[in-house]
Amino acid sequence: MDAVSTATLITAAVALVGYWVNQHAKRRENKSRMYAEALQVIHSYEDLPYVIRCRSGSDQVTRAELAQQISDVFTKINLHQNLLAMDSGVVGEAYADLFRQTRRHGGPHRREAWNSPPVATDAEMSGRTYFPYDNEPEQEICLLAMRRELSPWGWLLRGSTRRRLRRLRVERPPWSDPVFMREARARLLSPRRTGGEE
């Protein structure tokens, strides 16, 4: 092989590597945005009980507006579950686990918020309402899957990522409301606060 052929081959290889690096950077940027938006929707879901609790009133218009807002959040979650599952089965599975665990608390929290009177004063806004979610381990697992998928060799790591995620699920620590949260919730829902006995 002469010098010209060697130079041409090296130039082509450099161009090919450059193209691959640029394509990976673009894919990584798009995936990062998609992952961030998917996680943001989970946070929006977690905020729904607070939105309900801070509703402006108990009239039909307010209920309809809140129902639409809740429906929009569920629609976005379904969209992101589908997008993530198509992008990577491992990430889609981790995100589905995160939402499943978050939803275990979301329904009861929303029910509690609907059954509580709307917040009426500034004093009620500060620390009187707390809706905890036992989903931190699932968030960490989902973030791990997303980070590994964003690496240049993410598609090659999917098997080991899936095995690692399974192990983390098995080792998941148990969780329950701390005593102070249970006491605060009991005070919030006491008959005196809900308009029962004085």
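Below, all heavy atoms of this structure are taken into account, side chains as well, without hydrogens, waters or symmetry copies.
- Looking at Ile52 and Ile70, their side chains come closer than 4.5 Å, going by heavy atoms from C-beta outward.
- Criterion: ILVMFWY side-chain heavy atoms under 4.5 Å apart, direct or through other members. Under it, Leu165 and Leu84 are not part of a common hydrophobic cluster.
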For Val91 and Lys31, run side chain to side chain contact (heavy atoms under 4.5 Å, CB included): C-alpha distance rounded to whole Å, both residues' side-chain angles, the deciding distance at 0.1 Å, then the answer. CA-CA 11 Å; Val91 174; Lys31 281 188 177 194; over 6 Å; no
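- Side-chain contact check for Ser58 versus Pro118: some heavy-atom pair is nearer than 4.5 Å.
- Between the NE2 atom of His43 and the OG1 atom of Thr102 there is a distance of 9.0 Å, given to the nearest 0.5 Å.
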Evaluate Val90 against Leu157 for side chain to side chain contact (heavy atoms under 4.5 Å, CB included), listing each step before the verdict. CA-CA 10 Å; Val90 177; Leu157 298 173; over 6 Å; no
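- For the pair Tyr45 and Phe74, the tightest heavy-atom approach, listed with the atom from each and the gap, is CE1-CZ, 3.5 Å.
- The shortest non-hydrogen separation linking His109 to Pro49 is CB-CG, 3.5 Å.
- Taking both residues in full, the closest heavy atoms of Thr62 and Ser56 are given as OG1-OG, 3.4 Å, listed atom of the first, atom of the second, then distance.
- Within 6.0 Å of atom CD in Gln60, 12 or fewer heavy atoms from other residues, nucleotides or ligands are found, so the atom counts as exposed in its surroundings.
- Under the 4.5 Å side-chain heavy-atom criterion for Ile, Leu, Val, Met, Phe, Trp and Tyr, Leu83 and Val73 are members of the same hydrophobic cluster.
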Determine, step by step, whether His105 and Glu46 satisfy the side chain to side chain contact (heavy atoms under 4.5 Å, CB included) criterion, reporting the C-alpha distance in whole Å, the side-chain angles of both residues, the deciding distance to 0.1 Å, and the verdict. CA-CA 9 Å; His105 298 275; Glu46 290 175 333; over 6 Å; no
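- Atom OG1 of residue Thr161 and atom CZ of residue Arg164 lie 8.0 Å apart, to the nearest 0.5 angstrom.
- No hydrogens or angles considered: a donor-acceptor pair under 3.5 Å links the side chains of Arg104 and Gln101.
- A salt bridge links Glu149 to Arg158: at least one charged side-chain nitrogen sits closer than 4.0 Å to a carboxylate oxygen.
- Between the CZ atom of Arg162 and the OG atom of Ser88 there is a distance of 7.5 Å, given to the nearest 0.5 Å.
- Other residues sharing a hydrophobic cluster with Val170 under the 4.5 Å side-chain heavy-atom criterion for ILVMFWY residues do not exist; the residue is a singleton.
- Classification of Arg33 and Glu37 as a salt-bridged pair fails, no side-chain N sitting under 4.0 Å from a carboxylate O.
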Side chain to side chain contact (heavy atoms under 4.5 Å, CB included) between Ile141 and Leu98, intermediate numbers included: CA-CA 8 Å; Ile141 288 171; Leu98 171 58; over 6 Å; no
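- Formation of a donor-acceptor pair under 3.5 Å by the Tyr95 side chain with backbone atoms of Met146 is not found in this model.
- Residues Phe99 and Met86 fall within the same hydrophobic cluster, defined by Ile, Leu, Val, Met, Phe, Trp and Tyr side chains chained together at heavy-atom separations under 4.5 Å.
- Neither Leu39 nor Leu144 shares a network with the other; the hydrophobic side chains, linked directly or stepwise wherever heavy atoms of I, L, V, M, F, W or Y lie under 4.5 Å apart, form separate groups for each.
- Taking the charged nitrogens against the carboxylate oxygens, Arg172 and Glu138 do have a contact shorter than 4.0 Å, which makes a salt bridge.
- With hydrogens and angles ignored, the 3.5 Å screen pairs a side-chain donor or acceptor of Arg53 with a backbone N or O of Pro117.
- Heavy atoms only, all atoms of each residue included: Ala113 and Phe131 are closest at CB-CZ, 4.1 Å.
- Residues Arg148 and Ser160 are in side-chain contact: their nearest non-hydrogen atoms beyond the backbone lie under 4.5 Å apart.
- With a 4.5 Å cut-off on side-chain heavy atoms, His80 and Gln40 do not count as touching.
- By the 4.5 Å heavy-atom criterion applied to side chains, Leu66 and Arg63 are not counted as neighbours.
- Ser71 places no side-chain N or O within 3.5 Å of a backbone atom of Ala67 that could act as its donor or acceptor partner.
- Between the side chain of Asn115 and the backbone N or O of Arg111, at least one donor-acceptor pair lies under 3.5 Å.
- Looking at heavy atoms from C-beta onward, Tyr35 lies out of side-chain contact with Arg147 at the 4.5 angstrom threshold.
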